[in-house]
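In what follows, chains are A, B, ... by sequence order, proteins preceding strands, each numbered from 1. The analysis underlying the following values was restricted to heavy atoms, covering all of them including side chains, and did not include hydrogens, waters or symmetry mates.
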2 protein chains.
Amino acid sequence: MSNEFGQYLRKRREELLKGSPDFTVRKVAGRLGIQPSYVSKVERCEVPPPSEATILRWAEELGEDPDVLLALAGKVSAELRDVIVKRPKVFAQLLRELKDAPDHALLRVVREVRDGKW
Amino acid sequence: MSNEFGQYLRKRREELLKGSPDFTVRKVAGRLGIQPSYVSKVERCEVPPPSEATILRWAEELGEDPDVLLALAGKVSAELRDVIVKRPKVFAQLLRELKDAPDHALLRVVREVRDGKW
DNA sequence: ATGACTGTATATTAAACAGTATACATGCTT
DNA sequence: AAGCATGTATACTGTTTAATATACAGTCAT
């Protein structure tokens, strides 16, 4: 279980704990609706990352970007998967083509499209 | 088990069977390295779609587009998932922005990027 | 009517997934 | 020193995934 996912969650929770006593393992587990022992195990990477649903709640709880957290767990949200699944040919081609493009190029594409350039 | 995946595979195999006796359930199963009964069940949607690895072999066997076949199974290849997982922020934004863009717009983006416009 | 193919029905399974429940050790506070 | 809150160790559980193994029924040719 050597993923960075748990370490990231722990660091983030400990930071929040400095500012408020509401971020102990137990309190967080309570709000996530899961067992404290499970939170502990996930944070220490003793078990693999949880399900998508749990990760999304966790992201909200810690104020983190859900896509980033899912990515650390090696996953992609069902929402984004659906985008691809509905038009696999175009989006597969698009992703392979843009795979190595630098960030700024991708963001330019986003901007162009948003500005109604189609 | 009401996916279109199985029906699609069966139709395709039956077409190929018309042209050659090498596309019976047993022959195909043999080349895929799985049991004939399993092929039969998958084709009749009696069981959910197989694993990604098996779907990819199946696509090759029938001469189908792997991305399309995976999509019919509701999946996205690990290869494409990796593209997103490595840079989740940009690619998540990109996909959400392009989600509803018409095909021709997406293909234009592909062309632009390929023509070194970055 | 036998043998050699078809496809399919039925029963079972090993491993992974996604956690729960309980008990325990440690440190701090009063 | 008693109580309370921390995090964690240990053992167990229901469900899903991804198939296998074997037996069976129908068709076709010889």
Spacing of [X] atom [atom1] relative to [N] atom [atom2], expressed in whole Å:
{"X": "B:Tyr38", "N": "D:dT22", "atom1": "OH", "atom2": "C1'", "answer": "18 Å"}
{"X": "A:Glu46", "N": "C:dC17", "atom1": "CD", "atom2": "C1'", "answer": "16 Å"}
{"X": "A:Glu43", "N": "C:dG19", "atom1": "CD", "atom2": "C1'", "answer": "16 Å"}
{"X": "B:Phe23", "N": "C:dT6", "atom1": "CZ", "atom2": "P", "answer": "13 Å"}
{"X": "B:Leu9", "N": "C:dG7", "atom1": "CG", "atom2": "P", "answer": "14 Å"}
{"X": "B:Phe5", "N": "D:dA18", "atom1": "CZ", "atom2": "C1'", "answer": "13 Å"}
{"X": "A:Lys41", "N": "C:dC17", "atom1": "NZ", "atom2": "P", "answer": "15 Å"}
{"X": "B:Glu52", "N": "D:dA18", "atom1": "CD", "atom2": "P", "answer": "10 Å"}

Exactly one candidate in B:Arg12, B:Arg31, B:Arg13 meets side-chain hydrogen bond (donor to acceptor under 3.5 Å, both in side chains) with B:Glu61; the answer is B:Arg31
Output yes when at least one side-chain N/O atom of [X] is less than 4.0 Å from OP1 or OP2 of [N], else no.
{"X": "A:Arg13", "N": "D:dG7", "result": "yes"}
{"X": "A:Arg10", "N": "D:dT8", "result": "yes"}
{"X": "B:Arg44", "N": "C:dA9", "result": "yes"}

Under 3.5 Å donor-acceptor, [X] side chain and [Y] backbone:
{"X": "B:Arg26", "Y": "B:Pro36", "answer": "no"}
{"X": "A:Arg44", "Y": "A:Ser40", "answer": "yes"}
{"X": "B:Glu64", "Y": "B:Leu69", "answer": "no"}

Give, ordered by number, those residues of residues 26-35 of chain A having at least one heavy-atom distance below 4.0 Å to an atom of DNA chain C; if nothing qualifies, reply none.
-> A:Gly33, A:Ile34, A:Gln35
Touch check for A:Thr24, heavy atoms < 4.0 angstrom, all strands: base, sugar-phosphate only, or nothing?
-> sugar-phosphate
Which part of the nucleic acid does A:Ser51 contact within heavy-atom distance under 4.0 Å: base, sugar-phosphate only, or nothing?
-> sugar-phosphate
Using 4.0 Å as the upper bound for N to carboxylate O, is an ion pair formed by B:Glu14 and B:Lys18?
-> no
Could you run down the sub-3.5 Å N/O contacts of the protein with nucleotides 28-30 of chain C?
none

Going only through I, L, V, M, F, W and Y residues with side-chain contacts under 4.5 Å, is there a path from A:Leu16 to A:Val68?
-> no
Heavy-atom pair of closest approach, residues A:Lys99 and B:Arg87 = O-NH2, 2.8 Å
For A:Leu17 and for B:Pro50, locate the closest nucleotide of DNA chain D by heavy-atom distance; then report the residue assigned to the nucleotide nearer the 5' terminus.
-> A:Leu17
Hey, is NZ on B:Lys27 packed in by over 12 heavy atoms from elsewhere, all under 6.0 Å?
-> yes
CG of B:Leu95 to CZ of A:Phe91: how many Å apart, nearest 0.5 Å?
-> 6.0 Å
Can A:Glu79 and B:Arg96 be said to form a salt bridge (charged side-chain N to carboxylate O under 4.0 Å, His left out), step by step?
-> CA-CA 9 Å; A:Glu79 179 210 348; B:Arg96 291 199 180 96; 2.8 Å; yes
Distance-only donor-acceptor test (3.5 Å): side chain B:Ser37, base D:dA21 | yes
